[in-house]
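Lettering of chains follows the sequences in order, A, B, ..., and the numbering in each one begins at 1. Atoms considered below: every heavy atom in the structure, side chains included; atoms not considered: hydrogens, waters and symmetry mates.
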Amino acid sequence: MERYNHRETEIRWQKVWEERGTFAAGEDYSKPKYYVLEMFPYPSGRIHMGHVRNYTMGDVVARYKMANGFNVLHPMGWDAFGMPAENAAMENKVHPAHWTYENIDAMRAQLKSMGLSLDWNREFATCDPEYYSQQQSMFLDFLKAGLVYRRKSKVNWDPVDQTVLANEQVIDGRGWRSGALVEQRELTQWFFKITAWSDDLLTALDGLEKWPEKVRLMQRNWIGRSEGVRMSFELIDQGSHVSASAIELFTTRHDTLFGASFCAMSIDHPLSQELAASDPSLQEFIDDCRRVGTSEEDIEKAEKKGYDTGLKALHPFDKNRQLPVYVANFVLMDYGTGAIFGCPAHDQRDLDFARKYKLDVIPVVVPRDVDPATFEIGNEAFVEDGVMANSDFLNGLDVETAKDKAAAALENQTLDGKPQGERTVNYRLRDWGVSRQRYWGCPIPVVHCDACGVVPVRKEDLPVALPDDVSFDKPGNPLERHATWKATSCPECGAAAQRETDTFDTFVDSSWYFARFCSPRATVPVDREAVDYWLPVDQYIGGIEHAILHLLYSRFFTRAMRETGHVGLDEPFEGMFTQGMVNHETYRAAEGAWLSPAEVRIVGEGGERRAERLSGDGEVAIGSIEKMSKSRRNTIDPTDIIETYGADTARWFMLSDSPPERDVIWTEAGVEGAHRFLQRIWRLVGDAAAHLADAGDGTAPEEFAPEEFAPAALALRKAAHRALSELGNDVEHLRFNRAVARIYELANELGAFLGSYDSNTPGAAFALHEACGILVQCIGPMMPHLGEECWARLGFDGILADQSWPGVDETLLLEDTVTIAVQVNGKRRDELTISRQLTNAEVEAAALDLESVARAIGDKQVRKVIVVPERIVNVVAA
RNA sequence: GCGGGCGUGGCGGAAUCGGUAGACGCAACGGACUUAAAAUCCGUUUCUCCUUGGAGAGUGGGGGUUCAAGUCCCCCCGCCCGCACCA
């Protein structure tokens, strides 16, 4: 028999699907829908194994749901704006658009070679003017609805490249490209009011039951809700004449107010800035703090430092106490009010600070059963619950009650005519800054007019299109220095005005693309009827690296779109799944250079296993297994794999063995194993097809089901229906590795049946026909080309992709007999195959009758026999 | 530091409700076919002990609950991930 030829077959079936429009989403909105989406790729130029894994999973779900009668939407597009295109433009003198669209063409061809069930009619790239003009239109709606505002904000400024850098582009305080020392600059930037939904974005997480708990938790932490008190300490000005009469701060430990021994504010706090203006040594202190790098490590190592401003703050509950006010490096401007009170006894940071500056450490919470008079704080703050002490009216209370009482007292006290404190909820989440000073992004559609200020572009004038004639030979934003692009007239007064030269953060583009797929050619952002039908996305699949920002921004965007009437729901993604990474061994030459798997040959196995260099000699060290990455050169090119083994093999391997949420290790042996299985299926189907042809009519409709089945035929039927039932369940829960195991089992059963096939046995042909059909249909979503080829070879009607999912015959899942274990004192001694009809007493008798059981009991007395029907018998003897 | 996850054969991993631990795959070993090899097919494969047949141990370690624990509870160890001066 000829071997399966994937090269010829895969292209042929891809053409058939395309010509028949098999995967075009239907427009019949009365049918039940299912929206499967995988995170769309950045068009870097090549797909990688992570894409193969991601898109294979989505494809299995899409094809399975399609067979189950759903109108399936399974689209693909390109997250096409962003820095790499500009970098390429600078390095290779290619226009970002040209570079991007060429990459898209290359990657589209690669994706098509995978045989994915995508509706390519809906494809778009976020850099298409048709897409970003709708984004601009929606921005104008958000602006009108008050969901967008402008304010000054700090950015990392690279003085050499004349550009703004993202935090991750700042390495050790220097620009990643230029190496120049990065400056902090204040620019006026656009912000989306994501904090308007802080609480809703948090509480709605509870309803996202089909999301991984891990992702929900990460979002919860990111939003960072904490309940506390916003309060003021009155300032006693000792001659420095500051403008403020009080300092406002946020605390969650107002119970410990009596333990306060200082106040501290951030170096960026307005009051710090004001004081520094007339205090050069404070200015120097602030500059020193700034110089400490921005990396996490630097911050972690940085010692706590403070500068005593000389100001004093009056204790809210004890007018005889005055606390020193410091400017301190460990206080964050971005959280709360940028100022704190320090209670060293019950906060580790405050304790470190207090020890350094010899400030009081007054314990006000004391562990139960400990005498307050003898309780002392060493080098560790006491942060647990206990009994209040040294705290006037709070003494003797527990922490929770003390918080209540302290908050109430602050609320009843006035300072400057307002309550001195107020219970509030504080969030870590901050508004989303979307301005980027770059060319390759969606222009923010506003103009700046000297007379009218910031004016939105009229919708009929959209899109504000990017100019093509730009140069990247100079640093800075090409839009900024373009000869004519900026010049326009004010939509309100008609006077000469200037375009906004900032473009959107690319996270904006990906925050609504899933909605655009519902009506990708609409002349409005989204067609309401289409989104009402298709949204939410039923199953979204992507990498854990987008667990926070992309998903949170999309959730925000959906709410903003609801408020502006574009959609009718809050949550875009009903089901979310984060798949694991694809890893590979690493190889290193003697001189330390990384080697790619293609340059290495593996010899020996087990302890003898070692690597040799293909080109000449030289030791090669086999290194650890790492995520595939260019830097370690341990990548495998999907195109090579598809060329050598076929798309089906690659897809099968990606689904086998490893649970989809965990990392998978790509190995040569694994791919070969996958390929062998594919060939084995082809042989089994070939054998079966020959037998079925001999039997005459290749098709065996239901009504031809024989009255009688020989045991082997019945067993095969049962195996097929059991596999079908379990596989369906596994795919529904995205447990692809288990679904794969079910297919192996069925293939094994079928192989055994064929090995002793006798066409004269009652029901043999029918059972074979049925089992082959089920096997091929089960394989279909995973190895679709092989599935089609087998379907045709068996002489079945139509094409596999059009078939309905087979029904499970429940009666075949029920066995008359069941095998149960028999234990004596919890140890398994034997097993018993019995009729399901037996009563517990009969089962007990049968178990006690076993010779092995009698032996295990020996001369002990049977005290009790536990019978769990259809599961186990346990004889307790003593 | 805080939060979360995980720990099962040589390896990847099954075990959905507390009820036969190791499904399925990889690798290995033995056999068949072959002049030979590859491919394929059949079989064996948790460990230890003894003679077929058994016996004992076994899910990171220790304790507990239970007739019964990979699964539930407590303590400890190790690895991985996320967040990180969040007041």
Minimum-distance nucleotide to N874(A) side chain [options: A39(B), G13(B), G19(B)]: G19(B)
Let me know the distance between OH of Y4(A) and P of A39(B), rounded to the nearest Å. 21 Å
Give the rounded distance in Å between these two atoms: CG of N825(A) and C1' of A69(B). 16 Å
Considering every strand shown, what is the Watson-Crick or G-U wobble mate of C72(B) when both distances are under 3.5 Å? G64(B)
Give R428(A) one of three labels, base, sugar-phosphate or nothing, depending on what nucleic acid heavy atoms sit under 4.0 Å from its own. base
Can you check whether M581(A)'s main-chain N or O pairs, donor with acceptor, with D663(A)'s side chain at less than 3.5 Å? yes
Reckon S658(A) touches a base, only the sugar-phosphate, or nothing at all at heavy-atom distances under 4.0 Å? sugar-phosphate
Same-atom distance (P) from U65(B) to G56(B), integer angstrom: 23 Å
Taking the ring of Y326(A) and the ring of Y357(A), is the distance between their centroids below 6.0 Å? yes
If you measure from the P atom in C49(B) to the same atom in G10(B), how many Å do you get, rounded? 15 Å
Taking only side-chain N and O atoms of Y335(A), does any of them lie within less than 4.0 angstrom of OP1 or OP2 on A87(B)? yes
Between K864(A) and R735(A), name the one whose nearest nucleotide on RNA chain B is closer to the 5' end. R735(A)
For a 4.5 angstrom cut-off between non-hydrogen side-chain atoms, does E661(A) reach P212(A)? no
For nucleotides 55-61 of chain B, list the nitrogen or oxygen atoms of the protein found under 3.5 Å from its nitrogen or oxygen atoms, one pair per line.
from	atom 1	to	atom 2	distance (Å)
G56(B)	OP2	R829(A)	NH1	3.1

What integer distance in Å separates D663(A):CG from C11(B):P? 18 Å
I'd like to know if the side chain of D360(A) pairs up with that of S261(A) as donor and acceptor (distance under 3.5 Å, no hydrogens or angles considered). no
With a 3.5 Å limit on both atom pairs, tell me what A28(B) is paired to, counting Watson-Crick and G-U wobble, or say none. U44(B)
Shortest side-chain distance from L332(A), nucleotide among C67(B), A87(B), G25(B): A87(B)
What integer number of Å spans the C1' atoms of C6(B) and G13(B)? 14 Å
If you only use heavy atoms from C-beta on, which nucleotide in G25(B), A23(B), C85(B) is closest to the side chain of F330(A)? C85(B)
Euclidean distance, atom CG of residue L678(A) to atom C1' of A39(B) [Å, nearest integer]: 15 Å
Please work out if T819(A) contacts a base, only the sugar-phosphate, or nothing of the nucleic acid, heavy-atom cut-off 4.0 Å. base
Please report the C-alpha distance between W666(A) and F653(A) in whole Å, then the side-chain angles of each, then the deciding distance to 0.1 Å, and finally whether the ring pair (Phe, Tyr, Trp, His ring centres under 6.0 Å) criterion is met. CA-CA 9 Å; W666(A) 183 276; F653(A) 179 59; 4.7 Å; yes
It should be established whether R828(A) places a side-chain nitrogen or oxygen under 4.0 Å from OP1 or OP2 of nucleotide A21(B). no
G9(B) glycosidic conformation (syn if within 90° of 0, otherwise anti) is syn
Can you tell me the base-pairing partner of A14(B)? Count Watson-Crick or G-U wobble geometry only, both distances below 3.5 Å, and say none if there is no partner. none
Judged by atom type as modelled, is there a donor-acceptor pair below 3.5 Å linking the side chain of H346(A) to the main-chain atoms of T256(A)? no
Among the nucleotides A23(B), C67(B), A87(B), which one has an atom lying closest to any side-chain atom of E745(A)? A23(B)
Find the distance F353(A):CZ to C85(B):P and express it as a whole number of Å. 17 Å
Determine the interatomic distance between P on A23(B) and the same-named atom on G5(B); round to the nearest Å. 28 Å
Taking atom CG of N379(A) as the centre, report whether more than 12 heavy atoms of other residues, nucleotides or ligands fall under 6.0 Å from it. no
R680(A) near the nucleic acid: base, sugar-phosphate alone, or nothing, with a heavy-atom cut-off under 4.0 Å? sugar-phosphate
Side-chain N or O of N737(A) less than 4.0 angstrom from OP1 or OP2 on A14(B)? yes
In whole angstrom, give the distance that lies between atom CD of Q219(A) and atom P of C83(B). 13 Å
To check you understand the geometry: which heavy-atom pair defines the closest contact between T309(A) and V327(A), and what is its length? CG2-CG2, 3.7 Å
N748(A) has a side chain; which of C67(B), C24(B), A87(B) sits nearest to it? C24(B)
Closest nucleotide among G13(B), U40(B), A87(B) to the R683(A) side chain: U40(B)
Is there a side-chain contact between F677(A) and I743(A), using heavy atoms and a 4.5 Å cut-off? yes
For G70(B) and G61(B), measure between their P atoms and round to the nearest Å. 11 Å
Identity of whatever pairs with A37(B) - Watson-Crick or G-U, under 3.5 angstrom: none
Both distances below 3.5 Å, Watson-Crick or wobble geometry, any strand: find the nucleotide opposite C79(B). G5(B)
Counting side-chain heavy atoms from CB outward, which of C81(B), C83(B), G19(B) is closest to K214(A)? C81(B)
Under a 90° cut-off about 0 for the syn range, is C76(B) syn or anti? anti
With C1' as the reference atom in both, quote the distance from U46(B) to U66(B) in angstrom, rounded to an integer. 26 Å
Tell me yes or no: between the side chains of Y335(A) and S226(A), is some donor less than 3.5 Å from an acceptor? yes
C1'-based separation of C74(B) from C83(B) [nearest Å]: 28 Å
Nearest-Å distance for atom pair CG/P, residues N221(A) and G4(B): 9 Å
Are the side chain of S272(A) and the backbone N or O of D268(A) linked by a donor-acceptor pair below 3.5 Å? no
Nearest to the side chain of V876(A), heavy atoms from C-beta on, is which of U20(B), G12(B), C67(B)? C67(B)
Could you check whether V865(A) gets within reach of a base, just the sugar-phosphate, or nothing at all, counting any heavy atom under 4.0 Å? nothing
The side chain of R662(A) lies closest to which of these nucleotides: C17(B), G13(B), G3(B)? G13(B)
Verify the contact: side-chain N or O of R676(A) to OP1 or OP2 of A27(B), cut-off strictly under 4.0 Å; return yes or no. yes
Winner on side-chain proximity to L217(A), out of G12(B), G4(B), G19(B), is G4(B)
R216(A) CZ to C81(B) P, in whole Å, measures 24 Å
Distance check, C1' atoms only: G9(B) and A28(B), in whole angstrom units. 13 Å
For residues V365(A) and R253(A), determine if any side-chain heavy atom of one lies less than 4.5 Å from a side-chain heavy atom of the other. yes
By nearest heavy atom, map T252(A) and V664(A) onto RNA chain B; which one lands nearer the 5' end? V664(A)
